[in-house]
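Quick notes on the structure that follows.
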2 protein chains.
Amino acid sequence: MRCMDNELSSNVVADDPMEQMICFDLYAASQAFTRVYKPLLEPLGLTYPQYLVMLNLWSDAPLTVGEIGRRVSLESNTLTPLIKRLQEADLVTRRRDPADERRVVVGLTPRGHALSEQAAHVPSCILQATGMEPVELADLQRRLRGLTSRMLTYNNK
Amino acid sequence: MRCMDNELSSNVVADDPMEQMICFDLYAASQAFTRVYKPLLEPLGLTYPQYLVMLNLWSDAPLTVGEIGRRVSLESNTLTPLIKRLQEADLVTRRRDPADERRVVVGLTPRGHALSEQAAHVPSCILQATGMEPVELADLQRRLRGLTSRMLTYNNK
DNA sequence: GACTTTTATATCGTACACGATTTAATCGCT
DNA sequence: AGCGATTAAATCGTGTACGATATAAAAGTC
């Protein structure tokens with residue numbers, strides 16, 4: 001679907017070019033979270049994307065690279081080096097799935113498993129940092145998911 | 001300020017490790033925007049961060065690297081190479097400010113200025129892709145800014 | 001007026017993102 | 001069974017992000 005300009009076009013550009021950009025607000029919010037996560041994750045030696053991968057492994061290890069990718073919305077081109085860094089840090093193991101040699105199964109080392117305890121306090125810290133009630137947060141999440149879904153639909157038309 | 005776990009801690013980790021992560025929803029929404037912007041910006045030869053810089057120049061050129069950085073929340077370590085790529089593409093000029101030789105002033109070339117016309121339809125396309133009314137969008141932006149502000153405040157305590 | 005501090009940019013190293021391509025294994029079809 | 005299509009990872013190249021450091025100019029201090 002091509003975008004057709006309409007009578008609203010002249011109103012969407014404000015004096016301040018950043019003022020009306022919803023995308024920029026999303027970006028800024030995302031960066032703000034990154035900054036709050038950083039000091040919490042630094043003692044664990046994890047970056048935020050690495051933390052997302054570890055969260056899934058703590059919950060459901062072992063997982064294939066592809067399954068991890070579906071959960072965190074990343075593909076092997078990003079995940080492979082990331083997981084190799086986790087392996088270097090002796091947090092995860094990587095081996096080919098004997099049942100399907102195309103797959104690589106990622107598991108936790110004892111050190112990787114143990115790290116979950118040090119990370120247990122992170123979610124509550126983040127919740128506190130938002131300064132929002134869980135109900136209010138859930139509403140915002142619902143709106144964001146709706147927006148994301150509509151954006152992706154638009155893109156596929 | 002250190003984060004103290006409280007009685008809610010046990011509720012913030014759901015079965016699905018991704019389910020309750022507001023940060024991930026922000027990331028996903030941001031990525032969805034990137035995907036909608038991409039086909040719109042590709043004909044212009046711009047990436048999304050480059051587009052943000054050009055938006056500010058179209059509005060207020062010439063600008064120093066620092067001023068651009070304040071507007072798009074990036075620093076010289078990211079901006080310098082980005083702006084050099086815009087210069088390679090003959091869209092912007094870079095020169096030291098004679099009044100203060102520390103500053104680098106970024107201006108538009110004729111080609112850079114002309115590109116604004118090709119980009120004029122982008123904001124209305126994005127608005128259409130959100131599938132939201134401007135009022136509704138403004139409300140979401142207000143919430144996001146409040147959240148961002150609280151997160152950054154938390155981080156500085 | 002030399003000296004310290006601050007400011008503005010640039011450089012460097014590490015770590016994502018992601019499109020495009022490659023490689024190898026498995027699947028599907030006849 | 002053979003073989004083209006599909007799938008799962010990995011690899012490659014480009015472009016952000018960003019902490020740490022470097023460099024040079026300007027501002028502040030005695």
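Residue numbers begin at 1 in each chain, while the letters A, B, ... track the order of the sequences.
Pairing each heavy atom of D90(B) with each of T109(B), the nearest pair is O-OG1, 2.6 Å. Nearest approach of M21(A) to Q141(B), heavy atoms of both residues: C-NE2, 3.6 Å. Residues V53(B) and V72(B) approach most closely at N-CG1, 4.5 Å, considering heavy atoms. Scanning both residues, L40(A) and C125(A), for their nearest heavy atoms gives CD1-CB, 3.8 Å.
Between the CD atom of Q87(A) and the C1' atom of dA9(D) there is a distance of 14 Å, rounded to whole Å. As rounded to whole Å, 13 Å separates atom C1' of dA15(C) from atom CG of L79(A). The distance between atom CG of D100(B) and atom C1' of dA24(D), rounded to the nearest whole Å, is 11 Å. Per the geometry, CG belonging to L86(B) stands 14 Å off C1' belonging to dT14(D), to the nearest Å. Rounded to an integer number of Å, the gap from D97(B) CG to dT9(C) P is 9 Å. One can place CD of E101(B) at 19 Å from P of dT23(D), the figure rounded to the nearest angstrom. Rounded to whole Å, atom P of dA8(C) lies 14 Å from atom CG of L63(B).
At most 12 non-hydrogen atoms from other residues, nucleotides or ligands lie less than 6.0 angstrom from CD of E75(A).
For the OP1/OP2 pair of dA24(D) and a distance below 4.0 Å, the side-chain nitrogens and oxygens of R103(B) include no atom meeting the criterion. Listed pair K84(B) / dT9(C) fails the phosphate criterion, with no side-chain N or O lying under 4.0 Å from OP1 or OP2. Note on T64(B): every side-chain N or O is 4.0 Å or more away from OP1 and OP2 of dA8(C).
Side-chain N/O atoms of S76(A) and base N/O atoms of dA8(D) include no donor-acceptor pair closer than 3.5 Å. No donor-acceptor contact under 3.5 Å links the side chain of R102(B) to the base of dT9(C).
The CG atom of L108(A) lies 10.5 Å from the CG atom of D60(A); values are rounded to the nearest 0.5 Å.
Using a 4.0 Å cut-off between charged nitrogen and carboxylate oxygen, R70(B) and E67(B) count as a salt-bridge pair.
R70(B) comes within 4.0 angstrom of no nucleic acid atom, judged by non-hydrogen atoms across all strands.
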Can you name the atoms? Protein N/O to nucleotides 15-22 of chain D N/O, anything below 3.5 Å, with the distance.
residue : atom : partner : partner atom : Å
dT16(D) : OP1  : T47(B)  : OG1          : 2.6
dT16(D) : OP2  : Q50(B)  : NE2          : 2.6
dT16(D) : OP2  : R85(B)  : NE           : 3.1
dT16(D) : OP2  : R85(B)  : NH2          : 3.4
dT16(D) : O5'  : R85(B)  : NH2          : 3.3
dA17(D) : O3'  : Q31(A)  : NE2          : 3.4
dC18(D) : OP1  : Q31(A)  : NE2          : 2.2
dG19(D) : N7   : N77(B)  : ND2          : 3.0
dG19(D) : O6   : N77(B)  : ND2          : 3.0

